[in-house]
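Only this structure's heavy atoms are used, side chains among them; waters, hydrogens and symmetry mates stay out. Keep in mind the model is a prediction, meaning the values are calculated, not measured.
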Amino acid sequence: MIYLCAFDTDDQIRRREATTEREKLMCSWGYKFEQYLAADTPVSKPNLSVSVNEKEEYCIVLKGRLDKHTLLYSAEVDGKDPLYNNNRDKDPQSTQCYSELKTSRIITTERQHINFCRFKLMKWWLQSFLVGIPKVICGFRDDSGIVRKLEVFPIPEIPRMSRNQWSPSSLLNFSSCFLDFVKKMCC
């Protein structure tokens, strides 16, 4: 068995330490967005009277396969879809009940749209696909942090929306080749 653990590089540490107050504020907007959309139970309302705890998260542990590799990994999830629980035929252990919440700046130019499709949608797809989350709910915000529009991105539709900037098979093939390399180096 091989265990992988990510460590911050010196460059990542420098970038984190050099984070501006504005960047910290924008990060906080994402956590606040999650607080507005998620509640503690399916029948309760979000509690907006408490401060956002940016260290709090809900993680699940999964076992899966990627090509010839068996993987055991954890993933942070943002919330359960209460409508999923209404269907008694659904598997209660399925990750299809979860939703991923994201924020992004309102897209105003074609270049921003291309970069959104090329980079953000790729990361969102890979993160959600590997966990089995069926959709990403994005709050598009203005420069003051106010969410002006909500959009749901079904995971199966995201690759088509990427305008041929990347493909699911290339991302998964790269990941499998990387794991082959790790095994070769460790064994």
Side-chain angles (χ1 to χ4, degrees), residues 1-9 11-13 15-16 27 30-31 33-34 37-42 54-104 114-139 150-187:
M1 187 169 295
I2 299 170
Y3 297 92
L4 298 178
C5 182
F7 291 95
D8 288 342
T9 63
D11 188 47
Q12 289 170 320
I13 293 168
R15 268 187 278 148
R16 185 176 55 243
C27 187
Y31 289 110
F33 175 71
E34 290 176 3
L37 268 64
D40 291 336
T41 68
E54 295 181 8
K55 300 292 185 194
E56 186 176 69
E57 61 183 27
Y58 180 78
C59 293
I60 58 175
V61 177
L62 303 159
K63 182 179 180 181
R65 291 196 60 78
L66 178 59
D67 204 10
K68 60 185 174 238
H69 305 283
T70 301
L71 305 172
L72 182 64
Y73 55 102
S74 70
E76 186 258 336
V77 294
D78 294 327
K80 274 183 105 171
D81 184 345
L83 299 177
Y84 183 90
N85 291 334
N86 291 339
N87 187 338
R88 296 187 190 279
D89 296 333
K90 303 273 183 162
D91 176 5
Q93 299 301 315
S94 172
T95 57
Q96 294 287 306
C97 64
Y98 296 113
S99 294
E100 184 65 30
L101 303 174
K102 300 288 188 186
T103 59
S104 186
I114 290 168
N115 286 333
F116 176 81
C117 293
R118 180 182 297 161
F119 300 112
K120 281 200 176 181
L121 286 181
M122 178 183 69
K123 289 189 281 187
W124 294 359
W125 178 85
L126 188 58
Q127 176 188 9
S128 298
F129 176 81
L130 290 174
V131 177
I133 291 176
K135 63 185 170 189
V136 172
I137 301 168
C138 179
L150 283 178
E151 191 169 342
V152 176
F153 292 90
I155 297 307
E157 294 177 24
I158 288 178
R160 186 174 27 82
M161 298 168 65
S162 72
R163 297 181 172 192
N164 298 317
Q165 300 290 330
W166 53 270
S167 73
S169 60
S170 65
L171 294 175
L172 297 173
N173 286 338
F174 172 81
S175 300
S176 182
C177 289
F178 172 74
L179 293 173
D180 287 338
F181 171 76
V182 169
K183 273 187 177 176
K184 182 179 175 184
M185 293 295 110
C186 292
C187 299

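With sequence neighbours excluded, no residue forms a salt bridge (Lys or Arg N to Asp or Glu O under 4.0 Å) with Glu76. Under the rule for a salt bridge (Lys or Arg N to Asp or Glu O under 4.0 Å), Glu54 has no partner lying at least two apart in sequence or in another chain. Residues passing the ring pair (Phe, Tyr, Trp, His ring centres under 6.0 Å) test with Trp125, sequence neighbours excluded: Phe129, Trp166. With sequence neighbours excluded, the residues forming a side-chain contact (heavy atoms from CB on, under 4.5 Å) with Ala39 are Ser44, Pro46, listed by chain and number.
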Can you list, pair by pair, the side-chain donor-acceptor contacts under 3.5 Å of residues 96-103, counting residues two or more places apart and other chains?
{"from": "Gln96", "atom 1": "NE2", "to": "Gly132", "atom 2": "O", "distance (Å)": "2.9"}
{"from": "Lys102", "atom 1": "NZ", "to": "Gln127", "atom 2": "OE1", "distance (Å)": "3.0"}

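Side-chain atoms of Asp67 and Asn173, non-hydrogen and from C-beta on, never get closer than 4.5 Å to each other. Side-chain atoms of Leu179 and Ile2, non-hydrogen and from C-beta on, never get closer than 4.5 Å to each other.
Ring geometry for Phe178 against Phe174 counts as parallel: the plane angle stays under 30°, on a 0 to 90° scale with 60° as the upper cut.
Counting all heavy atoms, side chain and backbone alike, Ser175 lies closest to Leu66 at CB-CD2, 3.6 Å. The minimum heavy-atom distance linking Asp78 with Ala38 is given by the pair O-CB, 4.1 Å. Between Trp124 and Ser104, the closest heavy-atom pair is CH2-CB, 4.5 Å. Residues Ile133 and Ile155 approach most closely at O-CG1, 3.0 Å, considering heavy atoms.
By the neighbour-count criterion of 12 heavy atoms within 6.0 Å, atom NZ of Lys183 is densely surrounded, having more than that number from other residues, nucleotides or ligands. The number of heavy atoms from other shown groups lying within 6.0 Å of CG (Asp40) does not exceed 12. More than 12 heavy atoms of other residues, nucleotides or ligands lie within 6.0 Å of CG in Asp11, so this atom counts as buried by the packing criterion.
Once rounded to the nearest 0.5 Å, the distance linking CE of Met122 with OG of Ser167 reads 11.0 Å. Here the straight-line distance linking atom CG of Leu37 with atom CG of Leu150 works out to 6.0 Å at 0.5 Å rounding. Expressed to the nearest 0.5 Å, how far CD of Gln165 lies from CZ of Phe119 amounts to 8.0 Å. Here CG of Asp8 is found 4.5 Å from CZ of Arg16. Values are rounded to the nearest 0.5 Å.
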**Report entry** Criterion side-chain contact (heavy atoms from CB on, under 4.5 Å) on Leu172 and Leu130, from CA distance to verdict
**Finding:** CA-CA 10 Å; Leu172 297 173; Leu130 290 174; 4.1 Å; yes
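The list of salt bridge (charged side-chain N to carboxylate O under 4.0 Å, His left out) pairs with a residue in residues 166-181, not counting sequence neighbours, reads Lys68-Asp180.
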